[in-house]
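The structure appears right after this line, and notes come after that.
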Amino acid sequence: MSDVTTATNRYAGSSIQKVALVVGVVFLLVGIAGFVPGLTTGDLAGAGHGSMAMLLGLFQVSVLHNIVHLLFGVVGLLAANRATGSRMYLVIGGVVYFVLWIYGLFTAGHSFGANFVPLNWADNWLHLVLAVGMVALGIVFPRMRQRPVGA
């Protein structure tokens with residue numbers, strides 16, 4: 001078996017798998033932080049615009065919002081098992097965040113039922129950064145570990 005095949009079959013063995021792992025860990029940490037008093041202030045509600053909880057005093061969160069972050073984290077950890085899964089996680093996750101950004105253009109900061117995640121403007125612009133960043137990482141990083149020249 002070649003080094004390239006071995007690298008992509010080993011957990012987080014290639015660069016794209018390492019990126020998916022790091023992104024997944026970050027999402028897990030953010031999801032956990034959303035439940036930690038002090039990091040999150042205000043009244044944490046289950047879902048909807050009624051949640052007045054603010055992560056780091058900037059990002060509006062709810063139990064649902066935190067669970068979504070935790071799920072994105074778990075998927076990232078699972079995706080790091082394979083290079084193709086890692087690329088799909090980053091690109092499809094980025095597309096999901098792009099759709100969420102578009103959704104937020106119409107709902108962020110509003111007090112009506114459609115803002116069920118909930119989102120404020122800081123969340124929404126972070127979602128755009130995540131969308132661009134995840135898709136770019138999924139496209140830019142090579143799927144396989146590069147073998148040294150002459151090996």
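Side chains are part of it too, since the values below use all heavy atoms of this structure and drop only hydrogens, waters and symmetry mates.
Across Ile16 and Leu137, no two heavy atoms sit closer than the pair CD1-O, 3.6 Å. What you find for Phe72 and Met134 is that their closest heavy atoms are CE2-CE, 4.4 Å. Nearest heavy atoms, Ala79 versus Ser86: O-OG, 2.8 Å.
In this structure, Val23 is a member of the same hydrophobic cluster as Tyr11, with clusters built from ILVMFWY side-chain heavy atoms closer than 4.5 Å. By the rule that hydrophobic residues join a cluster once side-chain heavy atoms approach within less than 4.5 Å of another member, Val129 and Val135 end up as members of separate clusters. Grouping the Ile, Leu, Val, Met, Phe, Trp and Tyr side chains by contacts below 4.5 angstrom, directly or via other members, places Leu78 with Phe27.
Residues Met54 and Val61 are not in side-chain contact: their nearest non-hydrogen atoms beyond the backbone lie 4.5 Å or more apart. Side-chain contact between Gln60 and His65 is absent, with no heavy-atom pair separated by less than 4.5 Å. The shortest distance between side-chain heavy atoms of Leu126 and Trp121 does not fall below 4.5 Å.
Applying the side-chain contact (heavy atoms from CB on, under 4.5 Å) test to Leu28 and every residue at least two apart in sequence or in another chain returns Leu70, Val74, Leu77. Residues satisfying the ring-ring contact (aromatic ring centres under 6.0 Å, His included) test with Phe59, not counting sequence neighbours, are none. Residues passing the side-chain contact (heavy atoms from CB on, under 4.5 Å) test with Val132 are Leu128, sequence neighbours excluded.
Side-chain atoms of Asn66 come within 3.5 Å of backbone N or O of Ser62 as a donor-acceptor pair. Formation of a donor-acceptor pair under 3.5 Å by the Arg87 side chain with backbone atoms of Phe141 is found in this model.
With Tyr89 as reference, Val75 is the one residue of Val19, Val75, Thr84, Leu21 to meet the side chain to side chain contact (heavy atoms under 4.5 Å, CB included) rule.
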Show every donor-acceptor pair shorter than 3.5 Å between a side-chain atom in residues 91-102 and any protein atom, with sequence neighbours excluded, or say none if there are none.
none

Could you pull out all donor-acceptor pairs under 3.5 Å where a side-chain atom in residues 29-42 meets a protein atom, sequence neighbours excluded?
unit_1 : atom_1 : unit_2 : atom_2 : d
Thr40  : OG1    : Ala33  : O      : 2.9
Thr40  : OG1    : Gly34  : O      : 3.2

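Interatomic distance, CH2 of Trp125 versus CG of Leu105, reported as 6.0 Å (0.5 Å rounding).
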